[in-house]
Amino acid sequence: MSFRFKPHVIDTTLTDRFYAQTALADLDGDGRLEYIVGYRYGDLYWYKYHSPDHWTRHLLGQNSPGAVGACALDVDGDGHMDFVTGGAWYRNSRSADQPFERFVFDPDLTAVHDVVVADLDGDGRPEVATMSADDARWYKIPDDPTQPWIMHPIGPAVHAGLSAGDLNGNGAVDLVRTDIWFENVNGDGSEWVMRPIGPSSTAPPDFQPDWAFDATCSWVCDMNRNGKNDIVFTDAEIPGGKIWWMENLDGLGRTWLRHEVPNSDPIRRGAYHSLYVGDLDGDGDLDIFTCEMEDVGGERPPRYYIWENLDGRGGAWQEHVILDMNLGGHAAVVGDITGNGKPDIIAKPWRARPENGVGGKTFVLFLENVSTP
């Protein structure tokens, strides 16, 4: 497979801040995906795609209580996608010229790094799980979502690495937290038991801020296609980090085997604070996308990568560099934006480096998938 992505820098006018809170969702109901991004504890924006080089930016909302994580979902059940970040949600205004209405569902929820949507109580409706500096918890959305949401504790937190999936095959949705997983014992989110997975990489001696430890991106999936869910990880906050997947040997989440996804060279790379696992070449198996940060950099300018799953079972990989323009990525998202059936990529930095490829500006980068079989 020849992976080809055409880069388009679609915005360099954002102010110099810490940007995250990303998502792709059809906000205007036209069947196309819009891109959402915001800066920490500030303004939120959404970008409307018109063509690969033509996008319009709109103000989604203000005074975000969120730091990094966010999600798009139809909170109020009216058929229009809303947005959740930190302890607030923003109701879709149904107008590009009018910001979304802001509702606080928990004023005490702060410093949220991860937000995940899943049916945690088995009622067929989505719930919202968060992981902050304080703890992991989930919220039941009431019939009137403008009222306070019902909070349920899950367990202690690490800096990052929350994802959801059934890890013991009982049909209930469990949660991953980097080094452990929380078993949804009764299937209704009422009781959670911590189960070990295995350690993430050790922070290097020359880079050890408190947020560098046990900080990953994680993704629950059946990597080797044996009917048992595994977990893919990237080290998200340290230079020289790893990519690996944990094989769920017994299908119950009690015995795990680590498989490294090798880099093509020994050069120390920047932090991999993005992760997408899916079929990126149309052959039916799971490939891996990530990219290097600017803010936590490596020994050379940051690049974007796809690891092609050569044997279809996660046992052999080929690394492809899909972008090398001295532009890093953070919380990148993947989806078919152009409508041609191919997954595209859109990203931005957490904080831009002065020496990056657009003169130190904060940017939004669209990678148009122009690959051919």
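The basis for the numbers below is simple: all heavy atoms, side chains too, and nothing from hydrogens, waters or symmetry mates.
- Judged purely by atom type and a 3.5 angstrom limit, D287 uses its side chain to pair as donor or acceptor with the backbone of L280.
- Residue I243 is tested with T216, V261, D235 for a side-chain contact (heavy atoms from CB on, under 4.5 Å); the sole match is V261.
- Evaluation of the side chain to side chain donor-acceptor pair (under 3.5 Å) rule for T130 yields no partner, not counting sequence neighbours.
- Atom NZ of K140 has more than 12 neighbouring heavy atoms from other residues, nucleotides or ligands inside a 6.0 Å radius.
- Of the possible polar contacts, none joining the D43 side chain to the L59 backbone as a donor-acceptor pair under 3.5 Å is found.
- Heavy-atom minimum distance, M81 versus A25: CE-CB, 4.3 Å.
- Here the closest heavy-atom approach between residue D336 and residue G341 is recorded as OD2-N, 2.8 Å.
- Residue R351 places its CZ atom among 12 or fewer non-hydrogen atoms of other residues, nucleotides or ligands, all under 6.0 Å distant.
- Here the side chain of D344 pairs no donor or acceptor atom with the backbone of E368 at under 3.5 angstrom.
- E127 and R125 are not joined by a salt bridge, as no carboxylate oxygen comes within less than 4.0 angstrom of a charged side-chain nitrogen.
- Using a 30° and 60° split on the angle between ring planes, F18 and W350 fall in the tilted class, from 30° to 60°.
- Residues Q62 and R102 have side chains not in contact (no heavy-atom distance under 4.5 Å, counting atoms from C-beta outward).
- Of the N and O atoms on the side chains of S2 and R4, not one donor lies less than 3.5 Å from an acceptor on the other residue.
- Using a distance-only test at 3.5 Å, with no hydrogens or angles considered, no donor-acceptor pair links the side chain of R32 to the main chain of Y49.
- Put simply, the side chain of N184 gets close to the backbone of G189: a donor and an acceptor are under 3.5 Å apart.
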Stepwise side chain to side chain donor-acceptor pair (under 3.5 Å) check, D53 with S51: CA-CA 5 Å; D53 285 314; S51 69; over 6 Å; no
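- Aromatic ring centres of W219 and Y276: separated by under 6.0 Å.
- Judged by distance alone, with hydrogens and angles left aside, the side-chain atoms of E247 form no donor-acceptor pair with the main-chain N or O of L257 at under 3.5 Å.
- Listed for the S218 side chain is a donor-acceptor partner under 3.5 Å among the backbone atoms of G161.
- Here the CG atom belonging to D283 is positioned 7.0 Å from the CD atom belonging to E308, to the nearest 0.5 angstrom.
- Cluster annotation: M223 is not connected to F233 through the hydrophobic network of ILVMFWY side chains, with a link wherever side-chain heavy atoms come within less than 4.5 Å.
- With no hydrogens or angles considered, no side-chain donor-acceptor pair links R17 and Y19 at under 3.5 Å.
- The heavy-atom pair separating P196 from I180 by the smallest distance is CA-CG2, 4.1 Å.
- Ring geometry, Y47 versus W55: the interplanar angle exceeds 60°, so the pair is classed perpendicular (tilted spans 30 to 60°).
- A salt bridge is absent between D78 and R91; no separation between the charged side-chain nitrogens and carboxylate oxygens falls under 4.0 Å.
- Counting all heavy atoms, side chain and backbone alike, D230 lies closest to W256 at CA-CZ3, 4.4 Å.
- Between R269 and E292, none of the side-chain N atoms (NZ, or NE/NH1/NH2) sits under 4.0 Å from a carboxylate O, so this pair counts as no salt bridge.
- No side-chain donor-acceptor contact under 3.5 Å links S93 and Q98.
- A donor-acceptor pair shorter than 3.5 Å cannot be found between the side chains of S95 and D97.
- Between W245 and H259, the ring planes are parallel. Angles under 30° get that label, and only those over 60° would be called perpendicular.
- Between R313 and D311, none of the side-chain N atoms (NZ, or NE/NH1/NH2) sits under 4.0 Å from a carboxylate O, so this pair counts as no salt bridge.
- Ring to ring, H113 and H273 are close: their centroids are under 6.0 angstrom apart.
- Using cut-offs of 30° and 60° on the angle between ring planes, the pair F83 and Y90 is tilted.
- Under the rule for a side chain to side chain donor-acceptor pair (under 3.5 Å), the partners of Q21 that lie at least two apart in sequence or sit in another chain are S64, T85.
- When all heavy atoms are compared, the tightest approach of L327 to G357 is CD2-N, 3.7 Å.
- Heavy atoms of other residues, nucleotides or ligands lying less than 6.0 angstrom from NZ of K242 number 12 at most.
- A side-chain donor-acceptor contact under 3.5 Å links W307 to the backbone of P262.
- The nearest pair of heavy atoms linking R268 to P239 is NH2-CG, 3.2 Å.
- R303 and D265 are joined by a salt bridge, as a carboxylate oxygen and a charged side-chain nitrogen come within less than 4.0 angstrom of each other.
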Chi angles and distances behind the side-chain contact (heavy atoms from CB on, under 4.5 Å) call for D114, V68: CA-CA 7 Å; D114 295 339; V68 180; 5.6 Å; no
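- Judged by distance alone, the side chain of E237 and the main-chain N or O of W211 form no donor-acceptor pair under 3.5 Å.
- Side-chain atoms of D214 do not come within 3.5 Å of backbone N or O of V158 as any donor-acceptor pair.
- Within 6.0 Å of the CG atom in D144, the count of heavy atoms belonging to other residues, nucleotides or ligands exceeds 12.
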